[in-house]
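Have a look at the structure below, then the notes.
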Amino acid sequence: MMHRFANPTRFMRVANAILPWCAGLTVLFLAAGLYLGLFRSPADYQQGETVRIMYIHVPSAYMAMFIYAAMAVSSAMALIWKHPLADMIARASAPIGACFTFVTLLTGSLWGQPMWGTWWVWDARLTSVLILFFVYIGYIALVNAFDDPARGAKPAAILALVGAVNLPIIKFSVDWWNTLHQPASVVTMEGPKIDPAMLWPLAFMAVGFNLYYISVGILRLRGEIAAARIRNLQLGLTHG
Amino acid sequence: MSEFFAMGGYAAFIWPAYAVATILLFGLLVLSLKSMRQREALVESLRSHRVRRRADETTTTDPVP
């Protein structure tokens with residue numbers, strides 16, 4: 001099953017077939033999430049209207065970690081099975097994850113200033129997410145540092161795997177250390193602790209961001225495959 | 001409507017948050033699409049180049065009996 005999709009041509013045929021659906025659903029879900037978040041959901045009893053930043057901040061933070069996890073898994077697969085497509089998926093994902101991490105940090109800052117009275121604190125949650133951002137940037141820099149990407153693939157995959165230790169640190173930082181950041185309220189052992197009127201827009205935004213990742217990921221993956229073909233053609237190594 | 005845009009006095013924090021997310025995500029989409037199209041066009045031009053060169057080689061190196 002997996003080897004059927006490990007062929008880039010076959011994989012891209014499937015990816016291109018689902019691309020328009022993913023793109024259309026991205027727009028639909030984000031529109032629904034924005035409508036619910038901005039117009040239908042109530043202001044928070046403590047935080048007032050600033051709670052609306054949550055509909056960007058929390059799904060972005062979830063994507064920042066989800067994409068990194070996806071990168072780590074495909075990097076592990078690349079190291080084990082040496083398949084170039086797995087490396088390409090990790091490479092295609094990194095800028096999208098870095099983008100979501102940056103959005104998380106900026107929206108968090110814009111939420112922190114009115115609610116905590118500061119743009120930034122060096123506490124565990126904020127610092128560990130900043131480190132995640134630097135790991136993304138380091139990964140992108142490392143991948144682009146090699147003229148022949150095949151040579152950079154292994155160190156980049158190792159970096160992606162080492163950086164994965166940061167993920168549980170981010171998740172549990174609000175429980176392990178004292179922090180200004182509020183504890184988990186969506187993904188908890190007892191289930192979500194927030195009102196459905198706020199949970200729905202969050203869910204729509206999260207699904208929309210996921211679909212965005214798949215859509216832009218397919219575009220970037222096509223770019224990676226094309227770049228590999230360009231190298232092969234320029235070296236005159238392709239057959240037929 | 002103006003009350004909506006005022007966001008209970010927090011407009012200066014809420015709208016920049018939405019704007020930053022929109023600009024970055026849209027910008028990444030545009031950049032990804034652009035570089036993909038450029039690269040795929042280069043693949044096509046390199047391929048047609050090679051095919052043409054091969055065709056030239058066969059016509060010039062084949063001695064006419």
Side-chain angles (χ1 to χ4, degrees), chain A residues 23 26 30 34 37-39 43-44 47-57 59-60 63 92 95-96 98-100 102-115 205 208-209 212-213 215-234 236 238, chain B:
Chain A
T26 303
L30 290 183
L34 287 173
L38 287 172
F39 296 99
D44 188 67
Q47 310 202 13
E49 301 286 347
T50 59
V51 76
R52 298 191 200 283
I53 295 175
M54 173 175 75
Y55 304 125
I56 303 284
H57 178 75
S60 297
M63 287 313 293
I96 311 173
C99 193
F100 276 117
F102 191 68
V103 168
T104 305
L105 289 166
L106 252 158
T107 53
S109 196
L110 285 161
W111 198 2
Q113 174 60 20
M115 287 302 106
M205 293 302 288
F209 278 176
Y212 171 92
Y213 166 50
S215 308
V216 177
I218 290 173
L219 297 180
R220 298 197 71 87
L221 199 52
R222 273 175 67 173
E224 291 290 340
I225 291 173
R229 288 193 175 139
I230 291 167
R231 275 188 302 276
N232 281 345
L233 284 165
Q234 282 170 341
T238 42
Chain B
M1 202 63 187
S2 64
E3 196 188 337
F4 170 73
F5 284 111
M7 278 288 160
Y10 292 117
F13 301 101
I14 295 171
W15 295 123
Y18 279 82
V20 159
T22 309
I23 292 165
L24 282 175
L25 292 183
F26 196 74
L28 183 66
L29 167 69
V30 170
L31 286 178
S32 305
L33 198 60
K34 235 175 93 175
S35 94
M36 180 204 82
R37 282 187 177 149
Q38 273 172 358
R39 285 171 178 179
E40 288 190 345
L42 185 55
V43 170
E44 279 315 301
S45 80
L46 283 171
R47 274 202 180 134
S48 59
H49 227 78
R50 208 183 47 159
V51 170
R52 213 179 310 136
R53 203 179 54 204
R54 228 179 238 172
D56 290 347
E57 277 167 11
T58 44
T59 47
T60 49
T61 50
D62 276 1
V64 186

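Owing to the predicted nature of the structure, the values given are computational and were not obtained by experimental measurement.
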(Q) Out of A/Thr107, A/Val103, A/Leu219, return the one with the most heavy atom pairs under 4.5 angstrom to chain B. (A)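 Max contact count across the listed options: A/Leu219.
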Nearest 0.5 angstrom please: [X] [atom1] to [Y] [atom2], how far?
X: B/Ser32; Y: A/Ile218; atom1: OG; atom2: CD1; answer: 12.0 Å
X: B/Leu42; Y: A/Ile230; atom1: CG; atom2: CD1; answer: 4.0 Å
X: A/Arg220; Y: B/Leu28; atom1: CZ; atom2: CG; answer: 5.5 Å
X: A/Gln234; Y: B/His49; atom1: CD; atom2: NE2; answer: 11.0 Å
X: B/Ser35; Y: A/Glu224; atom1: OG; atom2: CD; answer: 8.0 Å
X: B/Leu25; Y: A/Thr26; atom1: CG; atom2: OG1; answer: 10.5 Å

Does [Y] offer a backbone N or O that forms a donor-acceptor pair with the side chain of [X] under 3.5 Å?
X: B/Tyr18; Y: A/Leu34; result: no
X: B/Tyr10; Y: A/Gly48; result: no
X: B/Arg39; Y: A/Gly223; result: yes

Minimum heavy-atom separation for [X] to [Y], with atom names?
X: A/Ala226; Y: B/Val43; value: O-CG2, 3.4 Å
X: A/Ile56; Y: B/Ala17; value: CG2-O, 4.4 Å
X: B/Arg47; Y: A/Leu233; value: CG-CD1, 3.9 Å

Q: Determine, step by step, whether A/Arg229 and B/Glu40 satisfy the side-chain contact (heavy atoms from CB on, under 4.5 Å) criterion, reporting the C-alpha distance in whole Å, the side-chain angles of both residues, the deciding distance to 0.1 Å, and the verdict.
A: CA-CA 9 Å; A/Arg229 288 193 175 139; B/Glu40 288 190 345; over 6 Å; no
Q | Beyond-backbone contact of B/Leu29 with A/Tyr212, side-chain heavy atoms, under 4.5 angstrom | A | yes
Q. How about A/Leu38 and B/Met7: do any of their side-chain heavy atoms sit closer than 4.5 Å?
A. yes
Q) At a heavy-atom separation under 4.5 Å, does A/Met54 approach chain B through its side chain, its backbone, both, or neither? A)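 Neither part; nothing is under 4.5 Å.
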**Q.** chain B contact via A/Leu30 - which portion, at a heavy-atom distance below 4.5 Å
**A.**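 When you check distances to chain B, no heavy atom of A/Leu30 falls under 4.5 Å.
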**Q.** Near-ring test A/Phe39/B/Phe4, centroid separation under 6.0 angstrom
**A.** yes
Q: With a 4.5 Å cut-off on heavy-atom pairs, point out which of B/Val20, B/Leu31, B/Leu24 contacts chain A the most.
A: B/Leu24
